[in-house]
Amino acid sequence: MPTAGKNEVHEVRSNPLSRCSSLTGVNGPAMANSSSQMSGSLPIKDQFASVIKAFQEQVINETIRFILRYTNSRRSVNRLPPEILRLVFLQYVQTTDFAGLASGKVKDVGWPHTHLRIGDVLLLTHVCKRWREVVHDLPGLWTSIRDAHARETREILSRVKDLPLKVLVSAGKRSDWFWDICMECGSSIQELHWVSAKNNGGDLASIPALDIKAPNVERLSLSRGASDQARYRSASVLRGATANVKVLSLNGINWFPSNHFQALTHLVLSGSVPLNDLLAFMPRCPNLQTLVLRSGVALSTTEALLGANHVRHPQLRRLSVDLDPCRSLPALMSRLDFNRPAAAVDIVMSTLKVQAAPPFSRVDIPDCFTDPLFSPSDYIDKPLTRLYITQSSKNRKWSSLVALNDTGGIRFKSVVPLAFDHAMILNHNVALNQVTEIWLEAIDEAMFQLFVALRQEMPALQTLNIVHPERVAAVRMTITMFVQTLRMPRAAHARSTPLPTPTLRIVLGGAASVDGDKGTYEVLRELCGFSLFREKKNRLVLRATEFPPEFYESVLPALNDNWESVVTEGGAVGEVGVVVPPVVGADPAFSSWEGWFGGHD
């Protein structure tokens, strides 16, 4: 026993680090190896110091990790349930921006695509462990792939489960790994975006991305790349399997696929396209409902005189046209045969030029807009009875002329402010003698001149609606001009009976209070007849969010002294689009053309 004890003490003293390694929890074998290596070269004191330092570093690291985990767990965002975090992540991840890929004036595909930026998704996975787990458990974030990184793409596919894929192809050379993926997962591709690369030589058949079998593609966009100058020859895409394509965008390319698109409902075109080629392609899309010719489209009419036929599309309900130059617009409209009274036609006048600045505004109207684009005979059964005219302003980019019936209508819009000359556009395209109601917003002297020019052609006018007159610069002068014009007896033409006096409706943006907004006070003051003809004439309808007691005590009696009758309408008011449905802004048929795709599945 004494001998054994001496040997045991000698063993501990000869290897003093073995027990420290077991107590500290530091990697025992590693420490043992390091201690055995140091035992012959370092004194015992230095070996102890090295072990203690390693122990301190581990304790510090573990403490920091614990503090971080605890702090993250106490943050309000990390106390959110996974369902809420998923919704937040879906809002954070942005769709892919095609601006750096496509060429031409238009930098997007023309409809709200759902191909996500995978970099945003990966960034979420690097925030913390919990976020990474939530993102990995959300397959909807892992459905977008592109031909950029093989390892990244295969990781995405491992998490997508059985959801449809969104694919972007933009590489300049064939990627065999991506080709294999597309061939393997072709039946899962629902959305496909192709951007041409440089030096394709105009041979579509040699492009692998368009030579895959993807029969379930519903949304397809074909765009010219920023560095691609080739002229392509028309060819079949996706091996002819395009029976399920519902939305098609051709951006900056000068050809049409030779496929048949039986299910196609939305077609978007950008860039220079021969008119005959467009009309030859449209019969292959028998169920087309929305046709958008976007900014930058130039329809070549050099072949239009070579005996092109009319194209009949009874299903077409939405047509948006922005041609530059616009000289091919009459040829296009004359050869498109569709149910015009039931369709919303949006024509962008991007070629208008201002000749004279306000207050005597003059605008150069090209012949393509004064040529009859719409025949009054098309609207005999459903005449256009309502006009909506809005002036451009700081908060509104577009000025517009809109004519509506109960099922469809026509809108002419431009960034050029309205002037007297715009009357020619309506005079040549709308049967104004059928108009019974007109709405004016952002009135000014130029709009007054336009109204005077139109008034002579509207003998059936029953109501003039002025929206938010309190917001204009010269309230008193503007209101006075409109009211006096309504009250003055006028004849539609020489030797004819005077025009009937229509009802005037004023739509205020707030309460009808003389103590509130200065503009509202000026409007009510003028309506009370301080500078108008002193006679009771015309019917007045006043619409506001609220009519306070002082209105009925002081304002209403004065109004009754100057108007044949006064009617008040309470309720929420806003822009022309939400005053009384159905009007241009409230009707989804006349929202911005991008909104035409919002309800599409």
Side-chain angles (χ1 to χ4, degrees), residues 90 93-99 101-102 106-118 139-147 156 160 162-170 178 181-182 185-196 204 207 209-225 236-253 255-271 281-282 284-294 315-318 320 592-601:
L90 289 173
V93 178
Q94 301 296 309
T95 56
T96 302
D97 184 9
F98 292 93
L101 303 175
V106 182
K107 300 295 186 179
D108 55 83
V109 300
W111 34 268
H113 66 86
T114 57
H115 189 282
L116 303 179
R117 292 194 306 197
I118 193 58
L141 291 178
W142 303 92
T143 58
S144 301
I145 62 174
R146 61 176 300 179
D147 55 342
I156 294 173
V160 74
D162 297 327
L163 295 179
L165 294 176
K166 289 87 175 180
V167 178
L168 169 62
V169 183
S170 61
F178 195 74
I181 287 176
C182 290
C185 305
S187 60
S188 299
I189 300 177
Q190 184 183 66
E191 188 175 303
L192 176 61
H193 305 279
W194 171 76
V195 181
S196 66
L204 291 171
I207 300 176
L210 299 180
D211 191 32
I212 62 174
K213 189 172 182 179
N216 296 318
V217 170
E218 295 183 359
R219 296 188 170 209
L220 176 64
S221 74
L222 308 175
S223 304
R224 178 181 293 276
S236 177
V237 298
L238 302 182
R239 299 186 179 181
T242 53
N244 291 317
V245 175
K246 299 178 181 179
V247 179
L248 174 64
S249 172
L250 304 178
N251 185 8
I253 60 179
W255 57 277
F256 289 91
S258 59
N259 307 52
H260 284 267
F261 295 85
Q262 294 294 328
L264 189 68
T265 58
H266 293 66
L267 174 62
V268 181
L269 298 180
S270 307
F281 173 73
M282 291 183 66
R284 300 201 294 271
C285 314
N287 295 303
L288 190 64
Q289 299 176 12
T290 298
L291 173 61
V292 177
L293 307 179
R294 294 200 298 165
Q315 307 286 347
L316 191 64
R317 289 294 180 269
R318 292 165 178 169
S320 178
S592 61
W593 65 263
E594 295 92 339
W596 290 1
F597 301 88
H600 183 74
D601 295 329

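These values consider heavy atoms only, across backbone and side chains, with no hydrogens, waters or symmetry-generated copies.
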I181 and V167: side-chain contact (heavy atoms from CB on, under 4.5 Å), yes or no, with the steps?
-> CA-CA 11 Å; I181 287 176; V167 178; over 6 Å; no
Could you walk me through whether V237 and T242 pass the side-chain contact (heavy atoms from CB on, under 4.5 Å) test, one step at a time?
-> CA-CA 8 Å; V237 298; T242 53; 4.2 Å; yes
Using the side-chain contact (heavy atoms from CB on, under 4.5 Å) rule, take L165 and C185 through it: C-alpha gap first, then chi angles, then the decisive distance, then the call.
-> CA-CA 8 Å; L165 294 176; C185 305; 3.8 Å; yes
Full working for side-chain contact (heavy atoms from CB on, under 4.5 Å) between L288 and T290 = CA-CA 6 Å; L288 190 64; T290 298; 6.0 Å; no
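Expressed to the nearest 0.5 Å, how far SG of C182 lies from CG of D147 amounts to 8.0 Å. Here L168 contributes atom CG and W194 contributes atom CH2; the two are 12.0 Å apart, rounded to the nearest 0.5 Å. The structure places CG of L220 at 8.5 Å from OG of S249, a figure rounded to the nearest 0.5 Å. Atoms CG and CZ, from L248 and R219 in turn, are 12.0 Å apart once rounded to the nearest 0.5 Å. If you take OG1 on T143 and CG on D162, they are separated by 13.0 Å, rounding to the nearest 0.5 Å. The OG atom of S320 sits 7.5 Å away from the CG atom of L293 when rounded to the nearest 0.5 Å.
Across V247 and V245, no two heavy atoms sit closer than the pair O-CG1, 3.6 Å. N259 and S236 get closest at one heavy-atom pair: OD1-CA, 3.3 Å. Nearest heavy-atom pair, A243 versus A263, reported as atom, atom and distance to 0.1 Å: O-CB, 3.3 Å.
For the 3.5 Å distance criterion, the side chains of R117 and T96 fail to qualify, holding no donor opposite an acceptor.
Under the 4.5 Å side-chain criterion, counting only non-hydrogen atoms from C-beta, W142 is in contact with I118. Between L90 and L141, the closest side-chain pair of non-hydrogen atoms falls below 4.5 Å. Residues R294 and V268 form a side-chain contact, since some pair of their non-hydrogen atoms from C-beta on lies under 4.5 Å apart. Taking 4.5 Å as the limit, some side-chain heavy atom of L222 sits within range of a side-chain heavy atom of W255. In this structure, the side chains of V169 and V195 stay at 4.5 Å or more apart for every pair of heavy atoms.
The ring pair (Phe, Tyr, Trp, His ring centres under 6.0 Å) test applied to H113 returns F98, H193, not counting sequence neighbours. When the side chain to side chain contact (heavy atoms under 4.5 Å, CB included) test is applied to T114, the partners found at least two apart in sequence or on another chain are K166, E191. Under the salt bridge (Lys or Arg N to Asp or Glu O under 4.0 Å) criterion, R284 pairs with no residue, sequence neighbours left out. Scored by the side chain to side chain contact (heavy atoms under 4.5 Å, CB included) test, P164 finds Q190 as partners (sequence neighbours excluded). Residues passing the side chain to side chain contact (heavy atoms under 4.5 Å, CB included) test with P286, sequence neighbours excluded: Q262. Shown here are the ring pair (Phe, Tyr, Trp, His ring centres under 6.0 Å) partners of F281, two or more places apart in sequence or in another chain: F256, F261.
Without hydrogens or angle criteria, N216 side chain to S187 main chain gives a donor-acceptor distance under 3.5 Å. In terms of modelled atom types and a separation under 3.5 Å, the side chain of N244 and the main chain of P215 share a donor-acceptor contact. At distances below 3.5 Å, at least one donor-acceptor pair connects side-chain atoms of S144 with backbone N or O atoms of L116. With hydrogens and angles ignored, the 3.5 Å screen pairs a side-chain donor or acceptor of T265 with a backbone N or O of K246.
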